[in-house]
Amino acid sequence: MAKEETLEVHGLVEEVMSNAVFRVLLDNGVKIVAHAAGKLRIRRIRILAGDRVTVEMSPYDLTKGRINFRHKDASAPPPMQQRQRYRPR
């Protein structure tokens, strides 16, 4: 196997733990511990209990993973509008 090959599975966040670590229940019924990917942290995307996520896992350790996508909920309210930026004079 090449180093780049990873397993991508969908799951549901069950528990939010400290330091951007989450307990995720995968669609196949397995519980794993996953951390938020760097891009999610940089863009400050919040992951809460009950969110559907896509988890990337290494084939070498199937008990740990990386959350790389949070799926949008259809019933969620629309995002807040950004404030108008004013140019300094």
For Leu48, the other hydrophobic cluster members (4.5 Å side-chain criterion, sorted by chain and number) are none

In this structure, are over 12 heavy atoms from other groups packed under 6.0 Å from Arg66 atom CZ? no

On a heavy-atom basis, the closest approach of Ala20 and Arg41 is CB-NE, 3.9 Å

Residues at least two apart in sequence or cross-chain that pass salt bridge (Lys or Arg N to Asp or Glu O under 4.0 Å) with Lys31, listed by chain then number, are Glu14

Please report the closest heavy-atom contact between Arg70 and Val53, naming both atoms and the distance. CA-CG1, 4.3 Å

From NZ (Lys39) to CG (Asn68), nearest 0.5 Å: 12.5 Å

Heavy-atom pair of closest approach, residues Lys64 and Met57: O-CG, 3.8 Å

Heavy-atom closest pair, residues Leu62 and Ile32: O-CG2, 3.5 Å

Hey, could you give me the CE/CZ distance between Met17 and Arg23, rounded to the nearest 0.5 Å? 4.5 Å

What pair of heavy atoms forms the shortest contact from Val55 to Ala34, and how long is it? CG1-CB, 4.4 Å

Please enumerate all residues that pass side chain to side chain donor-acceptor pair (under 3.5 Å) together with Asp61, with sequence neighbours excluded. Thr63

When rounded to the nearest 0.5 angstrom, what is the spacing between CD1 in Ile67 and CD1 in Ile45? 11.5 Å

Quick check for you: to the nearest 0.5 Å, what is the distance between Arg52 atom CZ and Phe69 atom CZ? 12.0 Å

Are Val21 and Leu12 connected into the same hydrophobic cluster when the rule is that any two of I, L, V, M, F, W, Y join if their side-chain heavy atoms are below 4.5 Å apart? no

Common cluster, Leu25/Val30, ILVMFWY with side-chain heavy-atom separation under 4.5 Å: no

When rounded to the nearest 0.5 Å, the distance separating CD1 of Ile47 from CZ of Phe22 is 4.0 Å

